[in-house]
**Student:** 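Before I ask anything, let me first share the structure, which is written out below as structure tokens.
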Amino acid sequence: MAILFKSAWDDAGEWTRCIQAEEPELEVRVWPEVGEAADIEFALVWEPPPGDLKRYPNLKAIFSLAAGVDHILGDPELPEGVPIVRMVDQSLTAQMSEYAIYHVLRYHRNMHLYESFQRERRWEQLPLHRAQDRRVGMLGIGVLGQDAGRKLQALGFDVLGWRRAARPIDGIETFHGPDGLTPFLNRTDILICLLPLTPATRGILNAGTFAALPEGAFVINMARGGHLVEEDLIGALGSGQPGSGHLAGATLDVFREEPLPPDHPFWRHPKITVTPHIASLTDARSGAQDIIDNIRRLRAGTPVRNLVDPEIGY
Ligand code: GLV
């Protein structure tokens, strides 16, 4: 009985230790040293090579090392009927919220402008806005969006949400479906994308979306690079100087191509803040506990938590 580990970014040694601390019987095989394919019962992956997962005839579940599962569902030869489980972890959720709060506050308190003022030795005080006058729109209000949204509410921000399906959320005004998108965007000063990447959400951060935001809005993408039409963002930011363009700024943690190529215009754009996909990093200890708990549930035939619906894509 073995679990296959495949990720170019996560520490295989640490994950192996954490998994074996929970379940010493489970052998961890680190890709590409997979050994006998028939031994592999579980896979724990980030960006598995397309076509690889169908090689294991006894595969019982595929666990994502991340909250998103687009990196698995994108495999055209994914074995049919094998459950896919996404990572839902308290520390991952808390880190995502920290990132959202940090960047909302940075824009809200004009810190992005003061950073450039300092470089120019410019002493200038800008007007302050009240948090309750700043509307923060969570594009995607599932586990992650709700946690960040509630914490932003606690700081006084006017938080609203948008999601695919009509499901009300206690205490957060929520819009849904394609018809709800424009009214939601019209009322959003700071847009935070936390959506799963699916065929329905690919390219959702586009010229039409930006135009529906109020003049001077900000965009924070902490979901997937595939949500953003990069050229449209550059267009909406104008010349890059404050005051030009429809959008006042954008913070991007995720990109169509990662690592972001050195010659990409985002790196040096005065109105774009780039971070290297660090909004959250999955914690091996709590992640391994969660995976082992789900493996026990699978064995016992009890319902598995955080199961993905491949039809909807998350
Ligand atoms: C990271 O990108 C994640 O999906 O958790």
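All values derive from a computational prediction rather than experimental measurement. Order of appearance sets the numbers: ligands from 1, and atoms from 1 within every ligand. All values below come from the heavy atoms of this structure, side chains included, with hydrogens, waters and symmetry mates left out. The chain is numbered in sequence order, starting from 1.
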**Student:** Sub-3.5 Å donor-acceptor pair from the side chain of D232 to the main-chain atoms of A207, do we have one?
**Tutor:** yes
**Student:** Compare every heavy atom of L247 with every heavy atom of K271, then report the nearest pair and how far apart it is.
**Tutor:** NZ-O, 2.8 Å
**Student:** Would R122 and F117 count as a cation-pi pair here, with the cationic atom under 6.0 angstrom from the ring centre and within 45° of the axis?
**Tutor:** yes
**Student:** Which of the atoms in ligand 1, numbered in the order shown and given with their element, are less than 4.0 Å from a heavy-atom of G68?
**Tutor:** 3 (C), 4 (O)
**Student:** If I apply the N/O under 3.5 Å rule, does A67 come out as touching ligand 1?
**Tutor:** yes
**Student:** I want to know if ligand 1 touches T282 in the polar sense, i.e. an N/O pair below 3.5 angstrom.
**Tutor:** no
**Student:** Using a 3.5 Å cut-off and no angle test, enumerate the donor-acceptor pairs between side-chain atoms of residues 209-216 and protein atoms at least two apart in sequence or in another chain.
**Tutor:**
residue	atom	partner	partner atom	Å
T209	OG1	I204	O	2.6
T209	OG1	N206	OD1	3.2

**Student:** Return yes when H277 approaches ligand 1 closer than 4.0 angstrom through a heavy atom, no otherwise.
**Tutor:** yes
**Student:** Linking directly or through intermediates, with side-chain heavy atoms under 4.5 Å: list the remaining ILVMFWY members grouped with Y102, chain and number order.
**Tutor:** none
**Student:** If the contact criterion is a heavy-atom separation under 4.0 Å, does R224 count as touching ligand 1?
**Tutor:** yes
